[in-house]
Every structure is written in structure tokens, then in C-alpha cells.
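The next block holds one structure in the form of C-alpha cells; read it before the comments.
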Number of protein chains: 2
Amino acid sequence: MQTKSTEDYLKIIYGLGEDRDTVTTSAIAEELRISSPSVSDMIKKLYESQYISYTPYYGVRLTKKGERIALKIIRRHRLLEVFLMKFLNFPWELVHDEAERLEHVISDEFEDRLDALLGWPQYDPHGDPIPTKDGLVEKLEVLRLSDLEVGDRVSITKVTDSRPLLEFIKRMGLGLNHTLAIKTKESFDGSMVIRAGRKDHFVSREVSQNIYVRKVN
Amino acid sequence: MQTKSTEDYLKIIYGLGEDRDTVTTSAIAEELRISSPSVSDMIKKLYESQYISYTPYYGVRLTKKGERIALKIIRRHRLLEVFLMKFLNFPWELVHDEAERLEHVISDEFEDRLDALLGWPQYDPHGDPIPTKDGLVEKLEVLRLSDLEVGDRVSITKVTDSRPLLEFIKRMGLGLNHTLAIKTKESFDGSMVIRAGRKDHFVSREVSQNIYVRKVN
DNA sequence: TTATTATTTTAGGTTAGTCTAAAATAATTA
DNA sequence: TAATTATTTTAGACTAACCTAAAATAATAA
């Protein structure tokens with residue numbers, strides 16, 4: 001049985017490893033808001049326990065063993081998010097932090113029974129796929145709002161799970177599966193004006209890079 | 001915000017303080033399965049934070065501040081137990097350990113919304129009253145099965161929340177609100193034969209002291 | 001290709017919560 | 001009430017997970 005801390009590291013390394021191939025000390029440090037020396041320390045421990053492979057001064061990758069744990073935690077996190085929204089009516093932007101704490105303490109028993117209660121859901125409230133019990137995840141085709149051009153119509157499939165971003169999106173009256181159209185896009189900074197429902201909204205590149213979409217008609 | 005450890009100490013001290021007036025180091029140590037020196041250490045810290053009052057070599061009592069926290073944790077524990085049984089169909093004997101871990105990580109938001117989901121229950125699955133949000137608990141009149149005599153008919157109102165005991169009771173086919181009659185009671189060891197449904201069961205004093213009852217007709 | 005800058009690691013330190021062994025105190029028994 | 005026994009506390013140590021300051025290494029720019 002791993003500690004909360006171990007689980008956090010593995011989860012973050014998994015997440016960071018999705019784009020880049022190898023994950024650096026400083027990237028982990030920034031993500032976990034922990035100093036680099038502390039991360040360096042922990043990396044050695046994770047390496048000794050064979051959760052990661054590791055080349056000093058270079059970077060880190062999850063081993064099969066490490067990935068299995070990361071996916072287990074992610075599975076729990078996402079199942080919990082579904083529960084918090086469907087059964088407790090948690091507001092979108094609070095769901096993440098609550099799941100973040102619960103994911104480390106629930107048992108397999110709890111996980112299985114919750115899965116059943118929720119009807120074996122495949123996606124969480126942000127549109128992320130829920131890994132299966134034996135560690136399989138659907139690989140989402142990544143299309144970011146920022147990749148699209150004027151005239152495109154899209155539906156939101158996923159949103160980066162960050163509280164301020166979620167609050168912003170909520171204020172615009174948007175959410176998962178909402179449809180919107182791109183009205184303008186500035187070439188110098190990538191900012192856009194989008195139309196959703198009857199309203200126009202200004203969206204910076206920082207935001208549009210964190211909204212994932214699928215094209216519609 | 002207190003740590004899990006602090007919360008455990010306060011909860012245990014509250015529980016032990018229900019019969020005795022002042023709680024000893026060794027009683028806490030035994031309950032938490034921690035060495036007495038460790039407990040002695042911790043007592044000093046709890047005292048400095050004004051969660052308890054304390055006389056060296058004598059014992060410990062909760063302050064108002066300490067009791068408030070203890071009752072909050074107990075409230076969460078019991079609400080969680082109701083949830084685990086009603087929504088996740090957890091078996092009686094697993095409910096306690098799961099709640100034990102969850103109680104330390106849920107937020108006030110979670111607590112409130114769970115309370116509502118469950119319909120503001122007043123008792124947990126072992127028959128214990130759930131403290132209110134502002135720290136009030138019904139004082140149960142304590143009548144133990146062991147206090148009764150041949151011929152008495154009783155209904156089970158509460159059971160000590162210990163896994164082996166719960167498993168034993170379950171094997172006898174008994175549970176909360178079940179009715180039983182006392183057929184024999186030995187004076188030398190207090191052991192009994194009880195009749196429940198169509199079956200007779202042998203019950204030692206250790207067991208009968210941990211089954212709380214109310215007399216019927 | 002050498003010098004500067006950035007990143008990572010090492011060295012040494014802290015805190016919370018635990019431990020065992022030994023000393024201090026209190027309670028019990030003779 | 002003195003001696004023995006039991007309980008509690010003190011002393012000293014350990015581990016996990018963090019920290020800051022300084023040294024080592026790698027990357028970048030002159």
C-alpha cells in the first residue's frame with residue numbers, strides 16, 4: 001500500500017507523460033507545488049520501489065507497475081467526480097478538490113460498489129474517460145478550441161480540470177456538450193470571439209487551449 | 001485544520017469519557033493501539049492546543065473545543081455509515097473501517113449534501129444517534145443485554161461497532177431492531193441462551209455486554 | 001569552444017507521529 | 001508504612017515528506 005504522496009506523484013507523472021515522453025523534475029515540482037529538491041528526493045524513492053524508470057538530470061517515466069497505480073487513482077478520482085455531481089449535486093468547480101482527497105482513502109470494495117451505483121459510467125463530468133478496472137483508458141483524440149478557425153462549429157468534449165478555468169467557463173454559461181461557433185480569431189495572440197447560445201464571449205489563447213472539442217456539422 | 005491523528009485521539013477520548021469521567025493514557029493507548037509514551041507525547045500537544053485539560057499521571061478530559069471536533073468527526077462517521085449501507089449496500093461488518101478513513105477527508109460541503117441525500121437521518125446502522133451540526137447528541141439510555149434476566153423480551157437498539165462482534169451477530173442472523181428472549185442465564189459467568197426467531201444461541205458475557213437493548217411488552 | 005545561465009542534485013535541517021528503554025510517580029499489598 | 005508492582009513520563013531515536021542553500025551538471029549564447 002502506497003502513501004497519498006506516492007499516489008500524487010504517480011498520478012501527476014502520468015498526466016504530464018501524456019504529451020511529453022519523459023517528465024522532468026521541475027515539471028513535477030511545479031505541478032505539485034513542491035520544491036525541486038523534494039521532488040528529486042522522492043524520485044529516488046519511487047525509482048527504488050520500481051514505480052518509475054529514471055536517468056539523473058534527464059527525466060522520468062512510469063513503469064508498468066507505476067502506471068497501474070496511476071490509472072487506479074485516476075479511475076477513483078473520476079468515479080468520485082461523477083458521484084459528487086450526480087448524487088450530491090456538487091457545483092462543477094468544487095468537484096475536483098473533493099475527489100482529490102477522497103481518491104486516496106476509498107477501498108476497492110467502495111470503488112466497485114460506487115461504480116455499480118453510478119451505472120458503470122465511461123466518462124467523468126469533464127468529459128474525461130474513466131479507466132477500467134484493469135487499467136485501460138480510451139485515448140481521446142485531442143482537438144483544442146485553439147486549433148480551430150473562424151466559422152467552425154464545435155461541441156465541448158472535455159475541459160482541463162482546474163478550478164479557476166471551470167469557474168470562468170461556468171460564468172460564460174458554458175459546459176460539457178455545449179455547442180459554440182468561432183466568430184473571430186486574432187492571428188497575433190490567438191484570442192477568439194465565440195458565439196454560444198445568444199451571447200458572444202471573448203476567449204484568450206490560455207483558455208482556448210484548455211477547452212477540448214469535437215467538430216459538429 | 002487538525003490532522004487525522006488529532007481527530008482520532010479526540011474521538012477516542014470522547015468515547016472513553018462516556019462512562020469514566022477522566023480518561024487515562026493507557027486506555028487511549030490500548031484503544032488506538034499505540035504505545036503509552038507516544039500517547040503521553042500527543043496528550044501534551046493536545047493540551048497545548050487546548051483540545052483537552054490534563055493533570056499529569058492522572059488523566060485527560062475534552063474541553064468544549066475538543067468536544068466540538070470529536071462530535072463533528074462522530075457525526076461524519078455515522079452519516080457515512082448510513083450512506084455505505086443504504087446506497088452502496090456495504091455489509092454491516094465492513095462499514096466501520098471504511099467510514100473510519102473517509103471521516104477525515106470529507107468537507108463540510110460534502111457532509112451537508114450527504115446529510116440531505118440521506119434524508120437527515122437521526123441514527124446510524126448500529127443504532128447510535130447522529131450528532132447534529134451544532135454538536136448535540138441524544139443521550140441513549142443504556143440497557144445492556146447482560147443486565148437482563150430470564151424471561152425478558154428485548155429489541156436490539158445498538159451494538160458496539162467492532163468488526164468481530166458484528167460478524168458474530170450476523171452469523172446468528174441477528175441485527176438492529178431484532179427481537180429476542182432470554183431463556184437461561186448462568187450466575188457464575190453471566191452467559192446466556194437466547195431465543196431469536198426459531199433458533200437458540202449461546203451468548204457469553206463479553207458479547208451480551210456489547211449488545212444494547214430496549215425491553216418489549 | 002568557452003562562458004553564462006538554467007536545471008538538477010546533494011547536503012543538512014525541520015516537523016509530525018511513531019518507537020523502545022529507562023526513570024519517575026502512583027497504587028497496591030504485605 | 002514500607003516494599004513491590006503498575007502506570008506514566010522522559011530521553012533518545014527513527015521515518016516520511018517536506019524545506020533552503022550550495023554544488024554539480026547540462027543547455028545555451030557569445
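This is a predicted model, so every value here is computed, not measured. The chains referred to below are lettered A, B, ... by the order of the sequence lines, with proteins before strands, and numbering in each begins at 1.
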**Prompt:** Separation of A:Ile43 atom CD1 from D:dA16 atom P, in whole Å?
**Reply:** 17 Å

**Request:** Send over the distance from A:Asp41 CG to D:dT15 P, rounded to a whole Å.
**Result:** 14 Å

**Request:** With sequence neighbours excluded, tell me which residues meet side-chain contact (heavy atoms from CB on, under 4.5 Å) with B:Val105.
**Result:** A:Arg101, A:Leu102, A:Val105

**Request:** Any chance you could measure A:Leu174, atom CG, to A:Phe168, atom CZ, to the nearest 0.5 Å?
**Result:** 9.0 Å

**Message:** Once rounded to the nearest 0.5 Å, what's the spacing between atom CD1 of A:Ile130 and atom CZ of A:Arg76?
**Reply:** 14.0 Å

**Message:** Judged by each residue's nearest nucleotide on DNA chain D, which is more toward the 5′ side, A:Tyr57 or A:Lys4?
**Reply:** A:Lys4

**Request:** Give the first and the last nucleotide of DNA chain C, reading 5' to 3', that has any atom under 4.0 Å from a heavy atom of chain A.
**Result:** C:dT8 to C:dT10

**Prompt:** Counting only non-hydrogen atoms, which of residues 15-24 of chain B are less than 4.0 Å from DNA chain D?
**Reply:** B:Thr24

**Message:** Heavy atoms within less than 4.0 Å of DNA chain D: which residues of residues 26-40 of chain A have one? Give them sorted by number.
**Reply:** A:Ile34, A:Ser35, A:Pro37, A:Ser38

Listed pairs under 3.5 Å, donor-acceptor, residues 36-55 of chain B side chains, sequence neighbours left out:
from, atom 1, to, atom 2, distance (Å)
B:Ser38, OG, B:Ser35, OG, 2.9
B:Ser49, OG, B:Lys45, O, 3.1

**Prompt:** Quick check, are the ring centers of A:Phe83 and B:Phe83 under 6.0 angstrom apart?
**Reply:** yes

**Item:** Aromatic ring proximity A:His96/A:His77, centre distance under 6.0 Å
**Value:** yes

**Prompt:** Does NZ or CZ of A:Arg78 come closer than 6.0 Å to the centre of the six-membered ring of A:Tyr123, within 45° of the ring's axis?
**Reply:** no

Could you pull out all donor-acceptor pairs under 3.5 Å where a side-chain atom in residues 23-33 of chain B meets a protein atom, sequence neighbours excluded?
from, atom 1, to, atom 2, distance (Å)
B:Thr24, OG1, B:Ser26, OG, 3.4
B:Thr24, OG1, B:Ala27, N, 3.2

**Prompt:** What class does the angle between the rings of B:Phe87 and A:Phe87 fall in, given that below 30° is parallel, 30 to 60° is tilted and above 60° is perpendicular?
**Reply:** perpendicular

**Message:** Checking B:Arg144 against B:Val213 for the side chain to side chain contact (heavy atoms under 4.5 Å, CB included) test, could you report, in this order, the C-alpha distance in whole Å, the side-chain angles of both residues, the deciding distance, and whether it holds?
**Reply:** CA-CA 6 Å; B:Arg144 302 167 127 103; B:Val213 297; over 6 Å; no

